[in-house]
Amino acid sequence: QAIYQLAQRLKWNKPDEFKNVVILMGGFHVSLNYLAALGAFVGGFGWQDILEDSGIFGKVAASNLVGGKPYSRCMDAHRAFYEALRIMLLESQEENLYIPTAMSKFWETYLRLFEICLAHQYAERAGKWDLYVQSLEAMIPLFFATSRLKYSKWLSVHVEEMKALPTTAPKVHEEFLKGNFVVRRTTRRFSSVSPDMALEQTLNKDVKNHGGIIGISNKDNARNKWFFTAHIKAAVDAELNAMIEKDEHKAGDWHHTDN
């Protein structure tokens, strides 16, 4: 959101220079913050206690999940809770035991809110542009409700710009409709990810070091050198890791045949 905000302000300040630029907000970070907002929504209604009592998560892990991290585990926790709650709701309705109380309506609201997150994930994995924009727009009310003002403000701006693409950037819109707003790192179906997640899985992962940027230097010149060469370091690290994995695989094959 912070980088999107800076880029958008730059585009607004220099409209002639960046009139052909279309800025996408990172879908992965939007989803991550939506999970944190969803955790804040249900956190005071026993969700964390349910996770702990289930025996699947410890106290610390359950507390972190309420905050939306780590992403994969948080999605798994919400998905398991969603499925259990949905089964309980259907069974109560089939047996005529369902009573519409304030608490039952609250958890039905949770079901609808998490379905938005599932729709967003599906839209990314399948490259469905219209569903992607619809899911982003559906996320905005929860950001407002949980006082996440930066995301509620800038996501609103982003959605309106994306909805205007057929007029402002028709060629870009055509490409997005083809699914070219996500990254496909494999040929498998339903494996696309948002550009910021792909960045986290590749370049950001390869350039990370112990202590982060603080472990390098606080001097401007040193930091600039690190940022300008980070992509080269990442490429070298990735190639080295691939060579090591290949050599280990060959060594494993030789050891197997040798015995």
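Each residue takes its place number in the sequence, starting with 1. Below, all heavy atoms of this structure are taken into account, side chains as well, without hydrogens, waters or symmetry copies.
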*Considering residues at least two apart in sequence or located in another chain, which fulfil the side chain to side chain donor-acceptor pair (under 3.5 Å) criterion with R112?*
T109
*Hey, which of V157, T168, L24, L136 is the one that makes side-chain contact (heavy atoms from CB on, under 4.5 Å) with M162?*
L24
*Which value, rounded to the nearest 0.5 Å, describes the distance between L111 atom CG and L89 atom CG?*
6.5 Å
_On a heavy-atom basis, which atom in V182 and which in G179 lie closest, and how many Å separate them?_
CG2-O, 3.2 Å
*Determine, using the 4.5 Å side-chain heavy-atom cutoff (strictly less than), whether L90 and I99 are members of one ILVMFWY cluster.*
no
*Ring centroid separation for F41 and Y110, is it under 6.0 angstrom?*
no
*Would you check if Y122 and C117 make a side-chain contact, meaning some heavy-atom pair closer than 4.5 Å?*
no
*Determine, stepwise, if the pair N20 / V172 fulfils side chain to side chain contact (heavy atoms under 4.5 Å, CB included).*
CA-CA 10 Å; N20 295 324; V172 173; over 6 Å; no
_With heavy-atom distances below 4.5 Å as the criterion, would you say the side chains of H29 and Y151 are in contact?_
yes
_hydrophobic_cluster_shared for F18 and W12, side chain cutoff 4.5 Å_ = yes
*Return the set of residues passing salt bridge (Lys or Arg N to Asp or Glu O under 4.0 Å) with K105 (not counting sequence neighbours), or none when no residue passes.*
none
*Would you indicate whether the side-chain heavy atoms of L165 and P170 approach each other to under 4.5 Å?*
no
*Any side-chain heavy-atom pair of S192 and R184 under 4.5 Å*: yes
_Counting C-beta onward and ignoring hydrogens, is there a side-chain heavy-atom pair between L131 and H120 closer than 4.5 Å?_
no
_Is there a side-chain contact between F181 and H173 in this structure, where contact means two heavy atoms from C-beta onward sitting under 4.5 Å apart?_
no
*Taking atom CZ of F106 as the centre, does the number of heavy atoms from other residues, nucleotides or ligands within less than 6.0 Å exceed 12?*
yes
*About how many Å separate NZ of K171 and CD of E174, when rounded to the nearest 0.5 Å?*
8.5 Å
*asked:* Hydrophobic clusters here meaning ILVMFWY residues chained together by side-chain heavy-atom distances under 4.5 Å, can you tell me if L149 and L6 are in one?
replied: no
*E137 bridged to K163 by N-O distance under 4.0 Å*: yes
*asked:* The test is side chain to side chain contact (heavy atoms under 4.5 Å, CB included); show your working for V42 and W107 and say whether it passes.
replied: CA-CA 9 Å; V42 298; W107 288 115; 4.1 Å; yes
*Would you give the length of the straight line joining atom NE2 of H78 to atom CG of L38, rounded to the nearest 0.5 angstrom?*
4.5 Å
*Do the side chains of I116 and L142 get nearer than 4.5 Å, heavy atoms only?*
no
*Can you check whether S152's main-chain N or O pairs, donor with acceptor, with S156's side chain at less than 3.5 Å?*
yes
*asked:* Can you tell me how far apart OH (Y34) and CD1 (I140) are? Round to the nearest 0.5 Å.
replied: 11.0 Å
*Pairwise distance CE(M75) to OH(Y82) - rounded to 0.5 angstrom*: 11.5 Å
*asked:* Is the distance between the ring centroids of F28 and Y71 under 6.0 Å?
replied: yes
*Quick one: do I23 and L10 end up in the same hydrophobic cluster if we chain Ile, Leu, Val, Met, Phe, Trp and Tyr together by side-chain heavy atoms under 4.5 Å apart?*
yes
*When the ring centroid of F143 is compared with that of W154, is the distance short of 6.0 Å?*
no
*State, with a plain yes or no, whether a side-chain heavy atom of L118 is found less than 4.5 Å away from one of R79.*
yes
_How long is the straight-line distance from CD of E161 back to CD of Q8, given to the nearest 0.5 Å?_
4.0 Å
*asked:* E115: which residues meet the salt bridge (Lys or Arg N to Asp or Glu O under 4.0 Å) condition with it, sequence neighbours left out?
replied: R86
_Surrounding CZ of R73 (heavy atoms of other residues, nucleotides or ligands, distance under 6.0 Å), is the total greater than 12?_
no
